[in-house]
Structures are given as structure tokens and as C-alpha cells.
Amino acid sequence: MKPTPQFDVCIIGAGVAGGVLAAYLGGNGLRVAVVEKNMAEQERMIGELLQPGGVIKLQELGLAHLLNELDAQEIEGYGLFMNGDNFKISYPTQNGKTLTGRGLRNGKFVQRIRQHILSLPNVTVIEGTVQQLNEVEGRITGLKYTEKNSDESKDITAKLTVVCDGMFSAFRGQLSSNEKKVSSFFLGMILKDCNLPFKNHGHVIVAKPSPCLVYPISSTETRILIDFPGNEAPRKSAELSNYLAETIAPQLPSQIVPSFMAAVAEGKFKSMPNHLIPAKPFTKPGVAMIGDSLNMRHPLTGGGMTAAFSDILNLGSRLIALEQSESIKPVDAAVASFYATRHKQNATINILADALYGVMQNEDLKTACYDYLKSGGKHALEPIAILSAISRDEQLLLRHFFAVALYGVGGMLKTSPSKTGFTRSYKMLKSAVHIVEPLVMNEKPNVLTRSAFKVAAAIF
Ligand SMILES: Cc1cc2nc3c(=O)[nH]c(=O)nc-3n(C[C@H](O)[C@H](O)[C@H](O)COP(=O)(O)OP(=O)(O)OC[C@H]3O[C@@H](n4cnc5c(N)ncnc54)[C@H](O)[C@@H]3O)c2cc1C
């Protein structure tokens, strides 16, 4: 007789994904263990804007209260800025009320999630570092960890182990194809008492060479993220400070500049790599991945936490629905169904993030995108419904993506109906296809979409 596992589920990491998964499963009667290597609050520049679709997912998980008492700021939409021009787009409405996202301090949010799981009787939280997954006859049976301030290794057994150890996952390599690419770096600073042009809005500055994001994260703090294309991290130096003052500051809305220059002078810079990691897990009995260990996209559109919450609802509801028996087969079936279906919720979040980042690297497409959104009506309302993760309609996203390129072509041929205009138009369409095609292929497209892209790739 094999010994009964100690827990239904053990989770590696109590960040946003692992913490919320533990709260959902533990709050619904499952016996859960969580091993987290550092329970202290972290100063982080990631996961600070939760889209309205993510707020709704937390409500569906019964965990919306985790957003309380954080001094989180309601976000009502986005302001866009380019070459001295600007406009704003509101998030979709429901029953006459604008749906809102939240700007928050990630470190505080994670601590609030942890306080909650520490209060749940079914959840055992251990501060320690997971060293390895334990495997018996091809099945992951749990993990081996060392507790903080101890050298002694201990084991946990569980019917399912869920890896939620974040972007630098130590276990991704053995559980997935491990494809990854660094698209760029974000340099982050906190602006104090910044006077935002559009209160309670995210701000996208369509700057050269690359975009900047600005949004409130508490009643007195505003986050700015400045994109640095390529795979070299920006380093603190006089040259960097000069670049920020001379190249970035003149492109920011004037209200932001005083607090921006004060932050540059203070020099508290942080930088993070922006990864593209398509979800390509192997189905191995006894184990699953959720959060950044499984799937990452460019943070330009702030979709990471919403994708994780969508996955937690997908896998978690399947696990909660299982009859609590000693059999482990239904657990493996739940993981297989989760992996087979998760793209239905996350394809739009993933494709939009890196497609929009690709558009921002192409001068003609960038201008076309700004003008298209500014033209308003459906051109603004439907894309913002997708960005906010209220709509998860992949076909709608692709229609708007190509409509932007065609809008650009129309504008180009009107102002320059010459051979140069035609050449640039062709290049714009070609770039659009090349930006989006690999992203669509990562998301299990249906036969029709796959064939359409094959034809488009053959033409361009
Ligand atoms: C620059 C940047 C900005 C972003 N902005 C946004 C945004 O505005 N909105 C949004 O929704 N998303 C954003 N994201 C993405 C978002 O931050 C992530 O999707 C989200 O934090 C993922 O959560 P996670 O739990 O998978 O990882 P994490 O939050 O990183 O948690 C991983 C946890 O695992 C623990 N751990 C690691 N290894 C071990 C081990 N061996 N043993 C035990 N514990 C371990 C770590 O200590 C950590 O607590 C951004 C990402 C970046 C890079």
C-alpha cells in the first residue's frame, strides 16, 4: 500500500499566483501546503496595475476583499500621449457604471494575500526554499525543501504539486519546453505627489524610442516604467540620468515632469526584464504550473495577474469539484483539462501584450495605432474592452489589429500616393503579419485561423 499524501495540493511560492491559489483552494475545503522562501514584504515594481477583468476574476474566486486596506487606487481607463497630443479612453461600463481596475503596491498586495492564507485552518504555510520535486515511478509526489535558518531537508507529499515560483522559475526547465525571450527592460521609479493629467487613469506615453507607462499605485505614489528595448539592462550612471532628463522628460506630459525630475535626481532606479514565455507545458502526472513560471507576456498592457487569476479559477474549480477520494487519476485529468482550455481565457491577454509592444517598435504602425484609437467609437471601445480583459474574444482582437494596419495604409496612401507610399504600406502590412503570427500560433489557434495565417505568411 502506498502512503496517503499529506496534502491535496502543495504549492511552491506564495507570490500573487501561489498565494491566491492557496486562498481559493484552502477556502474551499482542500488541504493545502505552501512553501515560500521569503515571507517578508518586498519592494517590487511588478504587478501594480490590476485590470478590471482581473478584479472580476478575484470576485469570482470569492477573494475581492484582498484588494481592501491597501490604499489601492481605482483606475477608470487610459490616457494616451504622443508628440504633444493626448486623449483618453474609459474602461467599459456595466449597468451604467465604469468597470475599474486597481493601482496598488505589489509588495503590500502579496502581504495581504499571505495574511489571509495564514488565517485559513486548511492551509499550512512554511517559510523555506524548495530544492526539488520528488518523483516516484514517473509521478511527482511532492517536494523537498529546507526551512528558513535550517540545513535539514524535509519532504511534503501531495496529490498535486503546483509550481508558482515566478519569472525566474527553477522548475520550468523540467516541466515545459522552456522557450523564452527577453523583449526589453522596464526601468521603474516612484514619483511622489505627482499631478497626473488624467486622475485615476493609466497613462501610456507613446515615446521614442519606446513607450513609458505612468499610473497611481497609492494616494501619494505614482509608478513610472520606461521601456528599454533589447536585452541589456539599463544601469545606474550619469549617462542614464542624462538620457532620462534629455530624451524622456521632454516627451512626458508637462504636469509629470517636476516629480519625474525629482525622482531622477533621487536616483532610486530599479529595472526588470520583460519576458515573452509562451505556455508550452509537458503534462506530467502530479504537477502543474501557474503564474509566471508557466506563461509570461510583455507587461505593457498589465495582464500578468489577470492571466494568473483566470488560470487559478480554471484549475482550482476543477480540483474543488472533485470527489475527495484517494484516487489521483481525476487530479491528473483536471490538470490536463486546464492545460487544454486555458488559452480560451488568456489568448487575448497574451497576444495583445506582445503585439502592441511590436507595434510600438514600428514608427508607421505606432502612429496608425494612436490615430485609430483616437478616432473613437468602436475603434476605442472594443480594443479597451480587450485590454481590460473584459472581452476575451480573440477574433475581435485580430480584426482590430489588422484594422489598425489598414487604417495606417489608408492614411499613408492619402498623404503619399506615390511609389514610396505603396512601398511603406506594403512594409507596414508585412510587419503587422510578422508581429502577430507567432503570437497567435502560441495560443492553440483553430484550423481556420491557422490556415489564414499560413496564407498571410506566404503572401508577405
Ligand atoms: C516590470 C513588470 C511589470 C509588471 N506589471 C504588471 C502589471 O501592472 N499588472 C499585472 O497584472 N502584471 C504585471 N506584471 C506581471 C506580474 O507581476 C506577474 O504576472 C505576477 O507577479 C506573477 O506572479 P507569480 O506568483 O507567478 O510570481 P511572483 O509574484 O514573482 O511570486 C513567486 C514567488 O515564489 C517564491 N519562490 C521562488 N522560488 C522559490 C523556491 N524555490 N521555494 C520557495 N519559494 C520560491 C518567491 O519568493 C515569490 O514569492 C509585470 C511584470 C513585470 C516584469
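Computed from a predicted structure; not experimentally measured. Indexing begins at 1, ligand by ligand and atom by atom, following the structure's order.
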Interfacing atoms of ligand 1 (cut-off 4.0 Å, heavy-atom, P273): 53 (C)
Residue pairs passing the salt bridge (charged side-chain N to carboxylate O under 4.0 Å, His left out) test where at least one lies in residues 331-351, sequence neighbours excluded: R139-D332, D311-R342
Protein heavy-atom partner closest to atom 34 (O) of ligand 1 - residue, atom, separation in Å: G13 CA, 3.3 Å
Per atom 3 (C) of ligand 1, closest listed option by heavy atom (A14, P299, S184, G103): P299
Protein contact to atom 6 (C) of ligand 1 [nearest heavy atom, distance to 0.1 Å]: G47 N, 3.2 Å
Residue portion contacting ligand 1 (non-hydrogen atoms closer than 4.0 Å) for R44: side chain
Heavy-atom side-chain contact between M189 and I226 under 4.5 Å: yes
Protein contact of atom 8 (O) of ligand 1 - nearest heavy atom, named by residue and atom, plus distance: L49 N, 3.0 Å
Heavy atom of G188, distance to ligand 1 below 4.0 Å: no
Main-chain N/O of G19 paired with R114 side-chain donor or acceptor, under 3.5 Å: no
Protein heavy-atom partner closest to atom 32 (C) of ligand 1 - residue, atom, separation in Å: C164 O, 3.5 Å
V32 vs N122 side-chain heavy atoms within contact, under 4.5 Å: no
Check ion pair K108-D71 (N to O, under 4.0 angstrom): no
Minimum side-chain heavy-atom gap F186-I46 below 4.5 Å: no
Heavy atom of the protein closest to atom 31 (O) of ligand 1 (residue, atom name, distance): G15 CA, 3.4 Å
By side chain to side chain donor-acceptor pair (under 3.5 Å) - contacts of N134 (at least two apart): Q132, D155
A17, any N or O under 3.5 Å of ligand 1 N or O: yes
Within-cut-off N or O pair, R297 and ligand 1, under 3.5 Å: no
Proximity flag R114 to ligand 1, non-hydrogen atoms under 4.0 Å: yes
Identity and separation of the nearest protein heavy atom to atom 20 (C) of ligand 1: D292 OD2, 3.9 Å
Residue and atom name of the nearest protein heavy atom (relative to atom 42 (N) of ligand 1), distance in Å to one decimal: V130 N, 3.0 Å
Ligand 1 N/O within reach of M305 N/O, cut-off under 3.5 Å: yes
For ligand 1, the portion of A307 having any non-hydrogen atom under 4.0 Å away: neither
Exercise: do K284 and Q174 side chains pair donor with acceptor under 3.5 Å: no
Proximity winner for atom 53 (C) of ligand 1, if only heavy atoms of I11, I12, I46 are counted: I46
Interfacing atoms of ligand 1 (cut-off 4.0 Å, heavy-atom, T129): 41 (N), 42 (N)
Nearest neighbour in protein (non-hydrogen) for atom 15 (C) of ligand 1: G304 CA, 4.0 Å
Pairwise side-chain contact, E382 with L387, heavy-atom cut-off 4.5 Å (strictly under): no
Residue V35 vicinity, atoms of ligand 1 by number, heavy atom under 4.0 Å: 43 (C), 44 (N)
Under 3.5 Å side-chain donor-acceptor pair for T100 and E76: no
V16 heavy atom under 4.0 Å from ligand 1: yes
Ligand 1 contact on N274 by region, counting heavy-atom pairs under 4.0 Å: side chain
Ring center gap for F87 and Y370 short of 6.0 angstrom: yes
Test of proximity, E36 against ligand 1: N or O pairs below 3.5 Å: yes
E43/K270 under salt bridge (charged side-chain N to carboxylate O under 4.0 Å, His left out): CA gap, chis, key distance, verdict: CA-CA 10 Å; E43 259 307 310; K270 268 177 178 276; 5.6 Å; no
Proximity of M167 to ligand 1 by residue part, where a heavy atom lies under 4.0 Å: side chain
N350 and E443 side chains, donor-acceptor separation under 3.5 Å: yes
Proximal atoms of ligand 1 relative to G291 (non-hydrogen, under 4.0 Å): 26 (O)
N/O separation below 3.5 Å, K37 to ligand 1: yes
Any G54 heavy atom less than 4.0 Å to ligand 1: no
Aromatic plane relationship, H400 with H379 - under 30° parallel, 30 to 60° tilted, over 60° perpendicular: perpendicular
Polar side chain donor-acceptor pair, S210 to Q361, under 3.5 angstrom: yes
Distance-only side-chain donor-acceptor flag, N274 / S184, under 3.5 Å: yes
